[in-house]
2 protein chains.
Amino acid sequence: MTAVTIECCPPLTRGPLSEQDAVDLAALLKAVADPVRLRLLSMIGSHEGGEACVCDLTDAFDLTAPTISHHLKVLRTAGLIDGERRGTWVYYRVIPETVARLGAIFTPLVEPEQA
Amino acid sequence: MTAVTIECCPPLTRGPLSEQDAVDLAALLKAVADPVRLRLLSMIGSHEGGEACVCDLTDAFDLTAPTISHHLKVLRTAGLIDGERRGTWVYYRVIPETVARLGAIFTPLVEPEQA
DNA sequence: AGGTTGATTCGATAACCCTCTAAACAAGGT
DNA sequence: ACCTTGTTTAGAGGGTTATCGAATCAACCT
């Protein structure tokens with residue numbers, strides 16, 4: 001639990017975004033700009049142990065397994081999740097740094113509350 | 001400048017997202033998941049006076065006026081910006097509440113540091 | 001009234017993305 | 001070896017979206 005202070009405006013509105021930064025950021029945002037992928041991300045992140053098996057995820061949707069697999073690949077390519085095969089099943093976990101990077105764009109800048 | 005404490009995980013990973021919430025959120029994210037719109041948003045938000053004329057924005061891109069207008073409409077429909085005509089020109093400004101809502105999804109939850 | 005400049009709407013085209021089926025790959029059990 | 005279950009890859013179809021040119025609307029100026 002860290003104390004911080006909120007100041008001023010989110011990074012996005014602190015100065016004009018460069019074209020390259022905009023392209024990179026948009027790619028990351030596109031990865032989460034889908035209802036299925038948002039739910040996948042939230043299901044994986046909130047699952048006990050911090051990881052979820054693909055089999056768990058597939059059942060929660062009215063979609064075929066290949067479709068879920070496709071969405072997981074998009075999230076993985078974007079660096080939002082990481083997958084590992086252990087025996088029969090593949091387990092995915094969230095990469096919190098990338099999620100935080102997303103939040104930092106739109107959140108009023110916070111600084112550590114210590115001198 | 002408000003003091004807060006960071007605790008645990010971002011809302012997205014605190015529990016599974018409902019289908020409706022996911023759809024709403026994805027719509028908002030899709031609005032910003034585009035390089036041109038990200039730059040527009042950042043240019044408007046960082047412009048002096050907190051607002052920018054469409055004429056300023058159009059010049060910064062290698063795109064036609066109708067295309068810029070289209071992107072502005074997407075941002076406006078999503079509730080991220082608001083436009084107002086004053087005389088000859090139309091001025092846009094950022095709606096910070098909506099931007100903050102985006103950030104809150106991915107940012108580790110912060111709580112007011114008082115009690 | 002007519003003309004000029006700024007901004008949006010309309011209609012069309014091309015690229016992209018979500019979803020599916022079919023097929024392939026991976027691991028375990030009999 | 002074979003079959004079953006879990007997961008991914010490949011290819012195709014249908015809908016969405018970005019972009020443009022042309023036309024329209026809005027306000028100002030002479």
Side-chain angles (χ1 to χ4, degrees), chain A residues 17 19 22-44 47 49 51-93, chain B residues 17 19-20 22-41 43-44 47 49 51-93:
Chain A
L17 220 53
E19 182 161 357
V23 170
D24 294 344
L25 242 175
L28 186 55
L29 284 166
K30 257 201 297 196
V32 290
D34 179 277
V36 176
R37 290 197 289 270
L38 274 178
R39 288 181 66 199
L40 283 171
L41 202 56
S42 110
M43 288 169 71
I44 295 170
H47 203 268
E51 60 183 15
C53 162
V54 176
C55 53
D56 296 329
L57 303 172
T58 304
D59 294 346
F61 295 88
D62 220 15
L63 298 169
T64 63
T67 298
I68 299 298
S69 189
H70 159 71
H71 286 301
L72 288 171
K73 185 176 187 175
V74 173
L75 290 172
R76 199 178 44 205
T77 301
L80 284 158
I81 60 173
D82 193 18
E84 182 197 359
R85 168 160 237 137
R86 284 205 301 275
T88 305
W89 295 283
V90 175
Y91 295 89
Y92 280 96
R93 60 175 57 250
Chain B
L17 219 52
E19 182 160 359
Q20 188 57 56
V23 169
D24 295 343
L25 240 175
L28 186 55
L29 284 166
K30 256 201 298 197
V32 291
D34 178 279
V36 175
R37 291 197 288 270
L38 274 178
R39 288 181 66 199
L40 284 172
L41 202 58
M43 287 169 71
I44 296 170
H47 203 269
E51 61 183 14
C53 164
V54 176
C55 54
D56 297 330
L57 303 171
T58 303
D59 295 346
F61 295 88
D62 220 16
L63 298 169
T64 64
T67 298
I68 298 298
S69 190
H70 159 72
H71 285 300
L72 288 171
K73 185 176 187 175
V74 172
L75 289 172
R76 199 179 42 206
T77 301
L80 285 158
I81 61 175
D82 194 17
E84 180 196 359
R85 166 161 239 137
R86 282 204 302 277
T88 304
W89 294 281
V90 175
Y91 295 90
Y92 281 96
R93 61 173 56 251

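Small disclaimer: the values here were computed from a predicted structure and weren't measured. As a basis for the values below, the full set of heavy atoms in this structure was taken, side chains included, without hydrogen atoms, waters or symmetry mates.
- The side chain of Pro66(A) lies closest to dT8(D) when the candidates are dT8(C), dG21(D), dT8(D).
- With dC20(D), dG28(C), dA10(D) as the candidates, the nucleotide lying closest to the side chain of Thr88(A) is dG28(C).
- Exactly one of His47(A), Glu84(A), Glu51(A) qualifies for a side-chain hydrogen bond (donor to acceptor under 3.5 Å, both in side chains) with Arg93(A). That residue is Glu51(A).
- Atom pair Trp89(A):CH2 and dT8(D):C1' shows a separation of 17 Å (rounding to whole Å applied).
- The side chain of Val54(B) lies closest to dT8(C), out of dT8(C), dT7(D), dT19(C).
- Between dT16(D) and Lys30(B), no contact under 4.0 Å exists linking OP1 or OP2 to a side-chain N or O.
- Here the P atom of nucleotide dT16(D) and the CG atom of Asp34(B) are 18 Å apart, to the nearest Å.
- Between Ser69(A) and dT8(D), a side-chain N or O to OP1/OP2 separation shorter than 4.0 Å is present.
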- [ ] I would like to know whether His70(B) and Val74(B) meet side-chain contact (heavy atoms from CB on, under 4.5 Å); could you show each step before the answer?
- [x] CA-CA 6 Å; His70(B) 159 72; Val74(B) 172; 3.8 Å; yes
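- Close to dT7(D), at under 4.0 Å from its OP1 or OP2, lies no side-chain N or O of Tyr92(A).
- Looking at the side chain of Cys53(A), the nearest of the listed nucleotides dA27(D), dT7(D), dT8(D) is dT7(D).
- Taking the centre and axis of the six-membered ring of Tyr92(B), the NZ or CZ atom of Arg76(B) falls outside the cone set by 45° and 6.0 Å.
- Between Lys73(A) and dT9(D), a side-chain N or O to OP1/OP2 separation shorter than 4.0 Å is present.
- Between the CZ atom of Arg86(A) and the P atom of dT7(D) there is a distance of 12 Å, given to the nearest Å.
- When side chains are defined from C-beta on, Leu38(A) counts as touching Leu29(B), because their heavy atoms get closer than 4.5 Å.
- When the C1' atom of dA18(D) is taken as reference, atom CG of Leu38(B) falls 15 Å away, rounded to whole Å.
- Using a 4.0 Å cut-off, some side-chain N or O of His71(A) falls inside it from OP1 or OP2 of dT19(C).
- In this structure, Leu63(A) reaches the sugar-phosphate backbone alone: every heavy-atom distance under 4.0 Å involves primed, P, OP1 or OP2 atoms, never a base.
- In this structure, Asp59(B) atom CG and dT5(C) atom C1' are separated by 13 Å, rounded to whole Å.
- We find that CD1 of Ile68(A) is positioned 16 Å from C1' of dT9(D), with the value rounded to whole Å.
- Taking 4.0 angstrom as the limit, His70(A) places none of its side-chain polar atoms (N or O) nearer than this to OP1 or OP2 of dT8(D).
- For the pair Arg37(B) and dA18(D), the criterion of a side-chain N or O lying under 4.0 Å from OP1 or OP2 is met.
- Of all heavy-atom pairs between Leu72(B) and Val54(B), the closest is CD1-CG2, 4.0 Å.
- Rounded to an integer number of Å, the gap from Leu75(A) CG to dT8(D) P is 12 Å.
- To the nearest 0.5 Å, atoms CD1 (Ile81(A)) and CD1 (Ile44(A)) are separated by 4.5 Å.
- In the set dT7(D), dT19(D), dC18(C), the nucleotide with an atom closest to the side chain of Thr67(B) is dT19(D).
- Between Tyr91(A) atom OH and dA27(C) atom C1' there is a gap of 13 Å when expressed in whole angstrom units.
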